[in-house]
Amino acid sequence: MSIPVIQFNQDPNAGQAIHDSLSDLGFMQISDFGIDTELLKKVYDQSRAFFSGDKSTKLRCQYRSAKENFGYQGLKEENLDPNAPADLKETFTMRNIIMGDIADDRWPSVEFKTLMQQFYANALAAGHTLQKTMAKHLNLDEDFFSSTHNGESISLRLLFYPAQPADSVIEEQLGAGAHTDYGFLTLLFQDSVGGLQVLNHNDEWQGVEPRENTVVVNSGDLLERWSNGHYRSTLHRVAPCTHGKDRLSIAMFFDPDSPTWVEPLQQFISDEQPCRYTATTAGEHIQEKIQATHKQRFAK
């Protein structure tokens with residue numbers, strides 16, 4: 001089973017293709033929907049420089065709380081699967097960085113901050129394009145989804161998976177533990193080093209091979225709830241890098257603004273498919289999920 005590839009601006013039926021992909025495996029790859037490739041390359045370069053840089057800078061930028069959801073986390077500091085060993089990755093998470101007020105000394109540099117804000121704005125606009133296409137396909141107001149994604153809970157995340165000696169990885173330890181994403185959609189930019197795996201319909205872990213100039217897009221928990229389970233929030237993970245190569249990826253998590261009330265839409269409810277989900281606010285769901293990944297470290 002292959003992950004569908006959608007050339008957004010060249011496909012007159014892009015809305016249907018997105019609908020079909022999210023209804024099936026919950027994953028797709030999309031190109032040509034507004035991502036600035038030169039800007040993306042600069043983000044990769046800055047990311048590589050940061051993760052290979054000095055420890056003192058990383059500590060100055062350290063992650064402080066799930067509520068803030070900003071900063072650097074080192075190797076084995078997160079458990080995306082709370083029941084598995086800690087993940088073999090380093091991260092730099094940046095929530096709400098256009099409207100937010102994170103002090104300059106929490107950033108590696110002013111240049112780093114400026115670049116990430118530029119890319120965040122570009123990815124935000126591209127994501128809104130997808131959301132508007134999805135809303136129109138469902139006969140909703142064009143801004144139904146995008147109007148609830150103003151940036152307050154949207155995070156840009158740099159991820160670094162350093163190469164590991166095979167004999168140093170303990171049983172069931174992964175680069176990123178098996179998990180579903182928490183919000184509406186995720187945009188994932190991969191380098192040429194593979195490792196992303198999706199649990200398919202046969203309960204088998206299927207690799208998602210990197211494709212040049214495409215973005216992996218998947219639906220999250222809150223979109224599954226909005227669609228009454230029609231769009232799937234699918235388990236996925238990242239294998240540990242035991243092949244001698246480091247891996248870099250960049251994720252943009254489209255999580256709705258915290259007060260957003262999320263409940264199944266009427267067009268997904270019928271006698272054959274009764275309502276499966278209770279209503280919740282986006283903020284309540286997302287904070288619960290983030291705190292669980294840090295075990296008790298940031299529980300308060």
Side-chain angles (χ1 to χ4, degrees), residues 1-35 40 123-140 142-146 148-149 154 176 178-190 194-238 249-256 262 264-265 267-270 272-273 276-277:
M1 182 185 299
S2 60
I3 305 297
V5 179
I6 301 168
Q7 294 179 303
F8 186 78
N9 281 326
Q10 300 177 44
D11 187 346
N13 298 311
Q16 184 66 50
I18 292 169
H19 176 84
D20 292 344
S21 298
L22 297 183
S23 303
D24 182 25
L25 196 56
F27 270 78
M28 55 192 166
Q29 296 194 66
I30 294 183
S31 64
D32 193 27
F33 71 113
I35 296 298
L40 176 61
L124 183 63
H128 283 164
T129 297
L130 295 183
Q131 290 180 316
K132 290 177 180 182
T133 298
M134 293 168 65
K136 286 191 289 186
H137 183 76
L138 295 174
N139 295 315
L140 298 168
E142 180 182 68
D143 296 321
F144 181 85
F145 297 125
S146 60
T148 66
H149 290 75
I154 295 175
H179 64 286
T180 59
D181 290 342
Y182 314 145
F184 185 87
L185 284 180
T186 302
L187 310 183
L188 179 70
F189 306 86
Q190 301 191 85
L196 175 64
Q197 300 173 339
V198 175
L199 192 66
N200 66 24
H201 296 307
N202 298 320
D203 287 333
E204 299 168 337
W205 289 107
Q206 173 183 336
V208 181
E209 293 301 319
R211 294 176 64 99
E212 190 173 2
N213 298 323
T214 65
V215 183
V216 177
V217 181
N218 64 281
S219 40
D221 298 346
L222 291 178
L223 181 52
E224 181 175 278
R225 187 181 295 256
W226 248 319
S227 67
N228 198 33
H230 193 89
Y231 295 153
R232 297 185 59 210
S233 185
T234 304
L235 277 171
H236 53 285
R237 68 185 190 181
V238 176
S249 61
I250 301 162
M252 185 81 162
F253 296 99
F254 277 76
D255 296 345
V262 180
L265 296 166
Q267 48 264 68
F268 291 107
I269 299 173
S270 64
E272 296 75 26
Q273 186 70 26
R276 295 171 50 191
Y277 299 84

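These numbers come from a predicted model, not from an experiment. All heavy atoms count here, side chains included; hydrogens, waters and symmetry mates do not.
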Just so I know, are the side chains of Leu222 and Phe184 near enough to count as touching, which here means a heavy-atom distance under 4.5 Å? no
Do you know which two heavy atoms are closest between Ser219 and Leu22, and how far apart they sit? OG-CD2, 3.7 Å
Parallel, tilted or perpendicular, as decided by the 30° and 60° cut-offs, for the rings of Phe268 and Tyr231: perpendicular
Could you measure the distance from the CZ atom of Phe254 to the CZ atom of Phe145? Nearest 0.5 Å is fine. 13.5 Å
Give a yes or no answer on whether the side chain of Thr129 reaches the backbone of Ala125 with a donor-acceptor pair at less than 3.5 Å. yes
Which atom of Thr234 lies closest to which atom of Gly26, heavy atoms considered: OG1-CA, 4.0 Å
Quick one: CD on Gln190 to CD on Gln29, what's the gap to the nearest 0.5 Å? 7.0 Å
Can you check side chain to side chain contact (heavy atoms under 4.5 Å, CB included) on Phe144 and Leu138, steps first, answer last? CA-CA 10 Å; Phe144 181 85; Leu138 295 174; over 6 Å; no
Using modelled atom types and a 3.5 Å cut-off, is there a donor and acceptor pairing between side-chain atoms of His179 and backbone atoms of Arg237? no
Taking the side chain as everything from C-beta on, heavy atoms only, tell me whether Leu140 gets closer than 4.5 Å to Leu265. yes
Does a donor on one side chain sit under 3.5 Å from an acceptor on the other, for Asp143 and His128? no
I'd like to check the salt bridge (charged side-chain N to carboxylate O under 4.0 Å, His left out) partners of Glu209; sequence neighbours left out, ordered by chain and number. none
Least distance between heavy atoms, Asp32 atom then Asn9 atom: O-ND2, 2.9 Å
Donor-acceptor pair, side chain of Asp181 and main chain of Gly183, under 3.5 angstrom: no
So does Asp24 get a backbone contact from the side chain of Arg232, meaning a donor-acceptor N/O pair under 3.5 Å? yes
Minimum heavy-atom separation for Ser233 to Gly220, with atom names? OG-C, 3.2 Å
Give me the atom names and distance for the closest heavy-atom approach of Ser146 to Lys132. OG-CE, 3.7 Å
Are the side chains of Asp20 and Pro4 in contact, using a 4.5 Å heavy-atom criterion? no
With a 3.5 Å cut-off and no angle check, do the side chains of Asp221 and Thr180 form a donor-acceptor pair? yes
Looking at Glu212, I'd like to know if its CD atom is crowded, meaning that more than 12 non-hydrogen atoms belonging to other residues, nucleotides or ligands lie closer than 6.0 Å. no
Expected output: side-chain Asn200 to main-chain Leu25 donor-acceptor under 3.5 Å: no
Contact check, side chains of Ile6 and Ile18, non-hydrogen atoms, under 4.5 Å: yes
Whether the side chain of Asn228 engages the backbone of Pro264 through a donor-acceptor N/O pair (distance < 3.5 Å, no angle test) should be reported. no
Could you label the plane-to-plane angle of the His137 and His19 rings as parallel, tilted or perpendicular, counting under 30° as parallel and over 60° as perpendicular? tilted
Quick check: closest heavy atoms across Trp205 and Leu235, and the distance to 0.1 Å? CZ3-O, 3.8 Å
For Phe253, does its backbone N or O pair with a side-chain atom of Thr186 as donor and acceptor, under 3.5 Å? no
dist Thr214:OG1 -> Leu188:CG (nearest 0.5 Å) comes out at 10.0 Å
Quick one: list whatever passes side chain to side chain donor-acceptor pair (under 3.5 Å) with Thr148, sequence neighbours left out. none
To the nearest 0.5 Å, atom CG of Leu223 lies from atom NE2 of His230 at 10.5 Å
Approximate separation, where rounding is to 0.5 Å, of Ile35 CD1 and Ile30 CD1: 10.0 Å
What's the verdict on side chain to side chain contact (heavy atoms under 4.5 Å, CB included) for His149 and Leu124, showing C-alpha distance, side-chain angles and the deciding distance? CA-CA 9 Å; His149 290 75; Leu124 183 63; 5.5 Å; no
Would you compute the distance between atom CZ of Phe8 and atom OG1 of Thr133 and round it to the nearest 0.5 angstrom? 3.0 Å
From CA spacing to verdict: side chain to side chain contact (heavy atoms under 4.5 Å, CB included), Met134, Leu185: CA-CA 11 Å; Met134 293 168 65; Leu185 284 180; 3.9 Å; yes
Using side chain to side chain donor-acceptor pair (under 3.5 Å) as the criterion, list what pairs up with Tyr277, not counting sequence neighbours. Glu224
Taking the side chain as C-beta and beyond, is there a heavy-atom pair between Asn218 and Val198 under 4.5 Å? no
